[in-house]
Number of protein chains: 2
Amino acid sequence: MASITEENYLKALFNLSNNQGEASISDLANQLGVSMPTANSMVKTLQKQGLCKYEKYKPVVLTEQGKKAAALIIRKHRLTEMFLVNKMGFGWEEVHEIAEQVEHIHAPKFFERMDEMMGFPTVDPHGSPIPDKQGRIQELHLKSLSEAAPGQEAVIAALSDSSAEFLAYLNSRQLSLGTELKILSKESFDQSMTVAYGEKERESLSQKVCEKLLIRIFD
Amino acid sequence: MASITEENYLKALFNLSNNQGEASISDLANQLGVSMPTANSMVKTLQKQGLCKYEKYKPVVLTEQGKKAAALIIRKHRLTEMFLVNKMGFGWEEVHEIAEQVEHIHAPKFFERMDEMMGFPTVDPHGSPIPDKQGRIQELHLKSLSEAAPGQEAVIAALSDSSAEFLAYLNSRQLSLGTELKILSKESFDQSMTVAYGEKERESLSQKVCEKLLIRIFD
DNA sequence: ATATTTTGTTAGATTATTCTAACAAATTTG
DNA sequence: CAAATTTGTTAGAATAATCTAACAAAATAT
Ligand SMILES: [Mn+2]
Ligand SMILES: [Mn+2]
Ligand SMILES: [Mn+2]
Ligand SMILES: [Mn+2]
């Protein structure tokens, strides 16, 4: 069974591969806050266990086994986040740190019971999909708000950044998953967008923010 | 901050001291399933941190700091067990192993929220007291059933053994916390007792069982 | 009061996870 | 392309947690 340390490496490799297409040793080291030699040596350890493939100076690639293991940890993480928000009353900005620890608990029944109590949710509080028990992840082909055009209406479905800082920003603007946006205009100078939602008639969102809001456009 | 390993040693020392009055190296090693040299060296490590006092060939004694640290871990353990039973529908025989892992999570809000949701319980699902936030434990001066006399009536308030095996035995006899017992007779030959409770008119309980049932006698 | 058994200690080794320093390969820049 | 920079590797060491083997002290039983 993988140690907590190994589990965190697997998750980091999985996320890096998904977000950047590949995982370099330096990215991995950065992500985990360890030195490159440390990451290098752990990658060799994971390879010996058949969890990743690795050749000197090449990017690290998870095996199918490694991907599944990572997805199952992410499943526990996201179920936990959803449980904390839906059943325990936490805010979406408070749950990541707790889930980062709870995801390492070995107790299938614990997570199955959470899943059941919530009616088998498919996404976490930040809109990210929850892998199923086989480690399969459903693709949510969402666009970012910056790809939408003035005149369109859309609903916020997920975030590409779930940092506490970004979540705090969204909270301060009453933006949350499910918020319906009308796109009024887009400034070609800085790509910022003016939108209406809820009580707000005109709110300006910077390009940075627009890129991080993942939306479903109304037909 | 104490590691998971250190936390488990603190808990073991605390429990041994409470149950046997003192904690020897061999008891500690046994309790944790490690060799004596391992226990010996960890005790030295804990002493360096001011968590216990230790002199060669003498029993290990927790300091006030060590006692408090242990009690706070036990608090998390027992709150978790209660949460699993009361809020997640687990049986009292299923929760110890899960709590053994959850007790090491560092997230005060998580446990405070559990506590709140349950209305600040004072005992766990096996009747053991939950230490308060300062690490103080309320003494429940309970007698065991074997100390009671025929003719008396009593209610099961706690257990001095919460092993899965004993809990399974109690489940099979419909015995649980809160069960009211009428003591019909006591066999002087083997100290077994005949009792009535619920639908049962006459059930015989061995001395072993009677000793493990902690009761409050009706006045 | 010896002898035996149990308990505890020391020494030395192992595995996991991490680091820094030094060097080497790959990539980017001018 | 050559120089500079970034990225990756190796070597060597440190700390935490564990073990076994050997020995020593304490407790128990003749
Ligand atoms: Mn998260
Ligand atoms: Mn984690
Ligand atoms: Mn327990
Ligand atoms: Mn534990």
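Lettering of chains follows the sequences in order, A, B, ..., and the numbering in each one begins at 1. Just so you know, these numbers come straight off a predicted model, no measurement behind them.
Between the side chains of B:D27 and B:S24, at least one donor N or O sits under 3.5 Å from an acceptor N or O. For the residue pair B:Y54 / B:N40, a side-chain donor-acceptor distance below 3.5 Å is found, with atom types taken as modelled. In this structure, a donor-acceptor pair under 3.5 Å is absent between the side chains of A:H77 and A:D124. A:H104 and B:Q101 are not linked by any side-chain donor-acceptor pair at a separation below 3.5 angstrom, with hydrogens and angles left out of the test.
If you check C:dT9, D:dC19, D:dT10 against the side chain of A:N40, the one that comes closest is D:dT10.
Residue A:K44 contributes atom NZ, which lies 15 Å from atom P of C:dT18 at whole-angstrom precision. Going from atom CE of A:M36 over to atom P of C:dA24 covers 16 Å, rounded to whole Å. In this structure, B:L46 places its CG atom 12 Å from P of D:dA16, rounding to the nearest Å.
Here A:S3 reaches the OP1 or OP2 of C:dT17: one of its side-chain N or O atoms lies under 4.0 Å away. For D:dA17, the OP1/OP2 oxygens have no side-chain nitrogen or oxygen of B:T38 closer than 4.0 Å. Within the 4.0 Å cut-off from OP1 or OP2 of C:dT9, at least one side-chain nitrogen or oxygen of B:Y54 is found.
When the nearest nucleotides of DNA chain C are assigned to A:M42 and B:K56 by heavy-atom distance, the more 5′-ward of the two goes with B:K56.
Ring-plane geometry between A:W92 and A:H126 is classed as parallel, the angle between the planes falling under 30 degrees on a 0 to 90 degree scale with a further cut at 60. Under the 30°/60° scheme for interplanar angles, the aromatic rings of B:F83 and A:F83 are found to stand perpendicular.
At a threshold of 4.0 angstrom between heavy atoms, the contacts of A:T45 with the nucleic acid are absent. Here A:K58 lies out of heavy-atom contact (under 4.0 Å) with every strand.
Here the side chain of B:K143 pairs no donor or acceptor atom with the backbone of B:L214 at under 3.5 angstrom.
Within 6.0 Å of the CD atom in B:E55, the count of heavy atoms belonging to other residues, nucleotides or ligands does not exceed 12.
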Do any side-chain atoms of residues 67-75 of chain B form donor-acceptor pairs under 3.5 angstrom with protein atoms, and if so which ones, sequence neighbours left out?
{"from": "B:K67", "atom 1": "NZ", "to": "B:E64", "atom 2": "OE2", "distance (Å)": "3.1"}
{"from": "B:R75", "atom 1": "NH1", "to": "B:P131", "atom 2": "O", "distance (Å)": "3.0"}
{"from": "B:R75", "atom 1": "NH2", "to": "B:D115", "atom 2": "OD2", "distance (Å)": "3.0"}

With the criterion being N/O to N/O and under 3.5 Å, what pairs connect the protein with nucleotides 21-25 of chain D, and how long is each?
{"from": "D:dA25", "atom 1": "O4'", "to": "B:Y57", "atom 2": "OH", "distance (Å)": "3.4"}

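Residues of residues 4-31 of chain B having a heavy atom closer than 4.0 Å to DNA chain C, listed by number: B:S24, B:I25, B:S26.
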